[in-house]
Enquirer: 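Please see the structure below; I have some questions.
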Amino acid sequence: MSRQKNNSNAIKEFLITIFCMLVFVWVFFIFVSYISVYHASEQLEQSNQQEYLRVKLYGSSSSSDGNTISASFSIVDTAGNEIAVIERSWSGNYLSVDFAETCFKDKFYIFPVRIYGKERILETKKDKHGGTLLEKYYNDNGQCLLLGYGSSLYERQLLYKIARFANKKLLVVPPFGHIAIYSVDLSECKNDVYYSIQILPDGKIVVREI
């Protein structure tokens with residue numbers, strides 16, 4: 001009986017030790033990740049990008065499978081050049097785009113996160129699902145391509161770290177209030193007209209016809 005109890009205690013102590021080690025590794029990873037993003041923000045100049053996306057709606061259609069709406073989205077870098085074009089249909093009657101904003105060292109960085117369709121203009125969090133994730137179109141090979149011509153490889157690598165954090169790609173790292181998500185509603189956009197989604201100097205996101 002005593003031997004069984006000793007074995008049981010040894011197993012418990014071993015599991016507790018493993019658990020404490022995992023917690024330590026997790027906390028250390030969070031610490032290193034935040035230091036890395038903080039340092040990247042410290043090294044970068046405040047982003048002066050104004051235009052992020054260009055949009056053109058083609059129209060909506062209905063079928064037995066539901067409603068769909070088609071559009072073309074171009075992701076734009078700081079030099080105003082298109083770095084990716086997404087042209088397809090989304091389920092729903094209207095389109096929205098989610099942007100993520102993260103702030104470090106009194107600097108804010110905004111990234112397009114997701115294009116998605118919705119059935120209603122006003123939707124709840126429960127209504128938001130699916131859509132097209134955008135991070136893969138501008139984060140490539142360790143660089144954030146939102147920085148256009150005139151930027152250095154080092155600067156693009158720094159912004160890559162921040163973009164990964166803002167897009168919650170570091171799944172085990174909690175945001176601790178450093179990430180805010182904003183939805184841009186495109187329900188008032190007309191078909192076959194080009195629009196520009198821009199960020200004003202005060203951080204406000206606007207949709208302008210071009």
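Fair warning: this is a prediction, and the values are worked out from it, not measured in the lab.
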Enquirer: Test side-chain contact (heavy atoms from CB on, under 4.5 Å) on L57 and D192; report intermediate values, then the result.
Expert: CA-CA 6 Å; L57 302 184; D192 298 318; over 6 Å; no
Enquirer: If you measure from CD1 on I162 to CG on N167, what distance do you get to the nearest 0.5 Å?
Expert: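 Output value for this atom pair is 12.0 Å.
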Enquirer: If we count only N and O atoms by modelled type, under 3.5 Å, do the side chains of N67 and Y94 hold a donor and an acceptor together?
Expert: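 The criterion, which ignores hydrogens and geometry beyond distance, is not satisfied for Y94 and N67.
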Enquirer: Could you give me the CA-CA distance, side-chain angles and deciding distance for R54 and S196, then say whether side-chain hydrogen bond (donor to acceptor under 3.5 Å, both in side chains) is met?
Expert: CA-CA 5 Å; R54 293 174 190 151; S196 173; 5.7 Å; no
Enquirer: Can a side-chain donor-acceptor contact be found between S61 and T68 if the only test is distance below 3.5 angstrom?
Expert: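 Yes, side-chain donor-acceptor contact under 3.5 Å.
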Enquirer: Does a side-chain heavy-atom distance below 4.5 Å link V76 with L146?
Expert: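 In short, these two side chains do not touch, never coming nearer than 4.5 Å.
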Enquirer: Once rounded to the nearest 0.5 Å, what's the spacing between atom CG of L44 and atom CD of Q157?
Expert: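 One gets 11.0 Å once the value is rounded to the nearest 0.5 Å.
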Enquirer: Go through it in stages, so that I can follow the logic: the residues are L95 and D185, the test is side-chain contact (heavy atoms from CB on, under 4.5 Å), and I'd like the CA-CA distance, side-chain angles, deciding distance and then a yes or no.
Expert: CA-CA 7 Å; L95 288 174; D185 173 51; over 6 Å; no
Enquirer: Taking Y138 for the side chain and P112 for the main chain, is one N or O donor matched with an acceptor at less than 3.5 Å?
Expert: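 At least one qualifying donor-acceptor pair exists.
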Enquirer: Between the side chains of R88 and S70, does any donor sit under 3.5 Å from an acceptor?
Expert: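 Short answer, no.
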Enquirer: Just jot down the side chain to side chain contact (heavy atoms under 4.5 Å, CB included) partners of V206, sequence neighbours excluded, or say none.
Expert: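 Scan of V206 (side chain to side chain contact (heavy atoms under 4.5 Å, CB included), adjacent residues dropped) gives Q198, L200, K204, R208.
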Enquirer: Taking all non-hydrogen atoms of both residues into account, name the closest pair between S74 and E82 and its distance.
Expert: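 Closest pair (atom of S74, atom of E82, distance): OG-OE2, 3.3 Å.
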Enquirer: For residues 40-79, which residue pairs qualify under ring pair (Phe, Tyr, Trp, His ring centres under 6.0 Å), counting only residues two or more places apart or in two chains?
Expert: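 Counting only pairs at least two positions apart or across chains, the ring pair (Phe, Tyr, Trp, His ring centres under 6.0 Å) contacts touching residues 40-79 are F73-W90.
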Enquirer: Say whether S72 and K56, considering side chains only, have a donor N or O and an acceptor N or O under 3.5 Å apart.
Expert: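 No, K56 and S72 have no side-chain donor paired with an acceptor closer than 3.5 Å.
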Enquirer: Taking the side chain as everything from C-beta on, heavy atoms only, tell me whether L159 gets closer than 4.5 Å to F111.
Expert: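 Yes - at least one pair of side-chain heavy atoms lies under 4.5 Å apart.
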Enquirer: Tell me whether L147 is reachable from L53 by hopping between hydrophobic residues (I, L, V, M, F, W, Y) whose side-chain heavy atoms are closer than 4.5 Å.
Expert: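 Result: yes, single cluster for both.
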Enquirer: Enter the distance from Q143:CD to S152:OG here, rounded to the nearest 0.5 Å.
Expert: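 Going from the CD atom of Q143 to the OG atom of S152 covers 9.5 Å.
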Enquirer: In the single-linkage hydrophobic clustering (I, L, V, M, F, W, Y; side-chain heavy atoms under 4.5 Å), do V207 and V113 co-cluster?
Expert: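 No, separate clusters.
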Enquirer: Does the side chain of I181 come within less than 4.5 Å of F99's, by heavy atoms?
Expert: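 F99 vs I181: side chains apart.
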Enquirer: Check whether any side-chain heavy atom of I197 lies under 4.5 Å from a side-chain heavy atom of I205, and answer yes or no.
Expert: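 Yes, their side chains come closer than 4.5 Å.
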Enquirer: At what distance, to the nearest 0.5 angstrom, does SG of C144 lie from CD of E155?
Expert: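 Between C144 SG and E155 CD, I get 12.0 Å after rounding to 0.5 Å.
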Enquirer: Measure the spacing between CG of D77 and CD of E51 and express it to the nearest 0.5 Å.
Expert: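 Output value for this atom pair is 10.0 Å.
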Enquirer: Do you know which two heavy atoms are closest between I83 and Y137, and how far apart they sit?
Expert: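 Of all heavy-atom pairs spanning I83 and Y137, the closest is CD1-O, 4.4 Å.
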Enquirer: Could you state the interatomic distance from CZ (R156) to CG (L145), rounded to the nearest 0.5 Å?
Expert: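 Result: 7.5 Å between the selected atoms.
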Enquirer: Taking the side chain as C-beta and beyond, is there a heavy-atom pair between L134 and I115 under 4.5 Å?
Expert: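 Contact flag for L134/I115 side chains = yes.
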Enquirer: For a 4.5 angstrom cut-off between non-hydrogen side-chain atoms, does Y116 reach S183?
Expert: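 The answer is yes; the side chains approach within 4.5 Å.
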Enquirer: If you define the side chain from C-beta out and look only at heavy atoms, does anything of Y160 sit under 4.5 Å from D140?
Expert: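 Answer no - side chains too far apart.
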Enquirer: Grab the two heavy atoms, one from K190 and one from Y195, that are nearest each other, plus how far apart they are.
Expert: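 Shortest heavy-atom separation between K190 and Y195 comes out as N-OH, 2.9 Å.
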Enquirer: With the side chain counted from C-beta on, respond yes when R164 and E135 share a heavy-atom pair under 4.5 Å apart, and no when they do not.
Expert: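 Yes, at least one pair of side-chain atoms sits under 4.5 Å.
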Enquirer: Indicate, with yes or no, if V193 and V97 share a hydrophobic cluster defined by side-chain heavy-atom contacts under 4.5 Å among Ile, Leu, Val, Met, Phe, Trp and Tyr.
Expert: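 Same hydrophobic cluster.
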Enquirer: Other than I210, what residues sit in its cluster of Ile, Leu, Val, Met, Phe, Trp and Tyr side chains whose heavy atoms are under 4.5 Å apart, directly or through others?
Expert: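 Cluster partners of I210: Y194.
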